[in-house]
Number of protein chains: 2
Amino acid sequence: MSIMPKLPPPNPRQNHLLAALPEDEYARLSVELELVPLQLGMAIYEPGVELNHVYFPTDAIVSLLYVMENGASAEIAVVGNEGIVGIALFMGGGTMPNRAVVQSAGHAYRMKGKLLKLEFARFGGRRHGTLHPLLLRYTMALLTQMAQTAVCNRHHTVDQQLCRWLLLSLDRLPSNELQMTQELIANMLGVRREGVTEAAGRLQKAGLIHYSRGHIDVLDRPGLEARVCECYEVVRQEFERLLPEVPKK
Amino acid sequence: MSIMPKLPPPNPRQNHLLAALPEDEYARLSVELELVPLQLGMAIYEPGVELNHVYFPTDAIVSLLYVMENGASAEIAVVGNEGIVGIALFMGGGTMPNRAVVQSAGHAYRMKGKLLKLEFARFGGRRHGTLHPLLLRYTMALLTQMAQTAVCNRHHTVDQQLCRWLLLSLDRLPSNELQMTQELIANMLGVRREGVTEAAGRLQKAGLIHYSRGHIDVLDRPGLEARVCECYEVVRQEFERLLPEVPKK
DNA sequence: CGGATTCTGTTCGCTGGCGTACCTTCTGCG
DNA sequence: CGCAGAAGGTACGCCAGCGAACAGAATCCG
């Protein structure tokens with residue numbers, strides 16, 4: 001698509017969960033981490049299929065989607081460098097009824113699920129490990145994101161949801177640019193492509209974003225924040241509260 | 001309201017999570033359990049307020065709601081005798097941005113959060129306790145319920161959602177009757193009361209339910225199952241998969 | 001260079017659910 | 001008994017979003 005400048009490989013600790021671990025725990029995990037590029041549209045997992053790895057994104061974003069029988073879809077939650085893909089591995093169950101799709105290309109470090117499970121178990125309980133409670137708190141934050149997605153789907157307009165979606169994505173990216181067609185956004189939000197076109201058109205007319213063939217520049221973030229529904233802030237605050245170790249942008 | 005016949009106090013093990021514990025673990029917990037009646041409309045917790053207890057419903061149903069700034073609300077998930085209210089206590093964070101409201105009166109056993117936390121920690125990790133992984137798997141099932149609520153809110157009609165809601169409630173109750181006004185259902189689903197009136201009217205006309213001033217008799221459960229969207233089945237199966245210890249009705 | 005494809009923009013009629021307003025029917029209670 | 005309040009039913013205009021169809025514009029690729 002475009003010429004990707006050869007950047008140095010990302011540091012695992014760009015992932016906030018990995019960054020929050022004390023040295024000894026991180027050291028034990030880090031030798032097991034494997035850098036993988038995540039290409040746009042790639043499916044990390046499919047519903048009902050057992051995962052072999054968990055993924056810690058550094059500069060990619062992964063969407064959790066539910067795909068209905070008739071092919072329509074809806075985003076359940078989004079995971080970037082603040083989180084981990086594959087919570088079913090340590091929470092139990094091994095699978096989820098959702099798809100995980102790369103929504104914004106980049107990288108993640110992955111590790112074998114079994115190893116994470118071991119580490120998760122090892123430091124569970126009274127021994128005051130960091131990883132175990134950290135992952136549980138992250139799961140709570142994810143839960144809140146899902147809950148708020150449900151609320152937003154029920155009560156808010158496409159315009160508001162688009163703002164929420166853009167802001168959630170921005171928070172997980174290093175720059176103010178997204179690579180993302182309206183078609184894909186529509187799939188995520190579970191609305192028609194035309195609906196996104198119109199909503200994005202309004203944002204563009206208001207000077208908040210610049211849209212051009214799959215490339216979005218966010219020009220006025222405060223402007224987006226002024227238009228977004230309360231859902232965004234609820235989720236953001238909950239992440240901040242539950243994962244304070246995490247550096248703010 | 002009506003004459004409540006004096007029934008024997010419910011057994012804690014009517015709650016499926018408590019029922020799934022082996023004798024020794026159950027014995028340790030059971031001495032700490034306190035029976036509390038849950039009255040219709042009672043708020044078990046409010047957003048942001050730290051819980052002192054967790055609740056194991058036996059024959060009551062509790063709804064997790066998000067209440068918006070403008071007063072509108074939407075149900076996020078529902079907890080009955082298959083689950084526990086207050087996951088934030090063991091998952092971490094202590095609070096959630098939601099309300100928990102008694103949707104169907106009954107009873108629950110509650111215990112001090114601190115004690116549950118102790119037991120949760122004690123049996124975490126490698127020691128192969130039952131409570132810890134059990135609660136994590138329950139949390140996964142709850143997560144799926146929230147995810148599916150989001151999907152359902154996005155894509156399905158009020159009619160379908162009402163069916164889903166009735167079936168989810170039925171699964172958590174001993175009988176085929178619910179005590180529930182259309183107004184309250186509307187609050188849960190996040191729709192207008194009139195919308196529920198119409199949807200319920202259609203179900204009644206089809207002979208599936210009988211509705212009368214806050215009392216619903218489900219006459220034809222298979223009929224409801226034929227009308228419900230896929231969301232119900234996804235959630236039900238996921239609960240069954242994740243919590244197989246639990247006796248089926 | 002030129003055709004094919006992808007992405008975006010626009011239109012039109014339709015419908016589900018909303019907001020509002022009002023009415024009837026039960027039920028509980030003084 | 002009779003009234004107040006709660007619960008349920010109905011109607012009307014309105015609008016956001018849907019489905020379908022199509023048109024320009026940018027980009028890719030042979």
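Note on naming: letters A, B, ... go to the chains in the order of the sequence lines (proteins, then strands), and numbering restarts at 1 for each one. These values consider heavy atoms only, across backbone and side chains, with no hydrogens, waters or symmetry-generated copies.
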Tell me: [atom1] of [X] to [atom2] of [N], nearest whole Å?
| X | N | atom1 | atom2 | answer |
| --- | --- | --- | --- | --- |
| A/H155 | D/dA16 | NE2 | C1' | 15 Å |
| B/D159 | C/dG16 | CG | P | 9 Å |
| B/H210 | D/dG8 | NE2 | P | 11 Å |
| B/R192 | D/dG9 | CZ | P | 14 Å |
| B/H215 | C/dT25 | NE2 | C1' | 18 Å |
| B/E194 | C/dG16 | CD | C1' | 14 Å |
| A/Q179 | D/dT27 | CD | P | 11 Å |
| A/R202 | C/dG9 | CZ | P | 12 Å |

Scan [X] against the nucleic acid and name what it touches under 4.0 Å (heavy atoms): base, sugar-phosphate only, or nothing.
| X | result |
| --- | --- |
| A/G214 | sugar-phosphate |
| B/E198 | nothing |
| B/T181 | sugar-phosphate |

For the backbone of B/S63 and the side chain of B/Q103, can you confirm whether one donor and one acceptor N or O come within less than 3.5 Å of each other?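 Flag not set: sc B/Q103 to bb B/S63 has no pair under 3.5 Å.
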Is the base of C/dG9 touched by the side chain of A/R193 through a donor-acceptor pair closer than 3.5 angstrom? yes
Exercise: do A/T95 and A/E50 side chains pair donor with acceptor under 3.5 Å: no
Kindly compute the distance separating CG (A/L33) from CZ (A/F56), expressed to the nearest 0.5 Å. 7.0 Å
What is the distance from atom CE of A/M146 to atom OG1 of B/T144, rounded to the nearest 0.5 Å? 7.5 Å
Identify which nucleotide among [options] has an atom closest to any side-chain atom of [X], counting heavy atoms from C-beta outward.
| X | options | result |
| --- | --- | --- |
| B/R213 | D/dA7, C/dT10, C/dG19 | D/dA7 |
| B/Q182 | D/dG8, C/dT11, C/dC18 | D/dG8 |
| B/T197 | C/dT10, C/dC18, D/dG9 | D/dG9 |
| A/Y211 | D/dA11, C/dT8, D/dG8 | C/dT8 |

Does B/Q204 place a side-chain N or O at less than 4.0 Å from the phosphate oxygens OP1/OP2 of D/dG8? no
Does A/F239 have A/R172 sitting over its ring (NZ/CZ under 6.0 Å from centre, angle to axis within 45°)?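 Satisfied, under 6.0 Å and within 45°.
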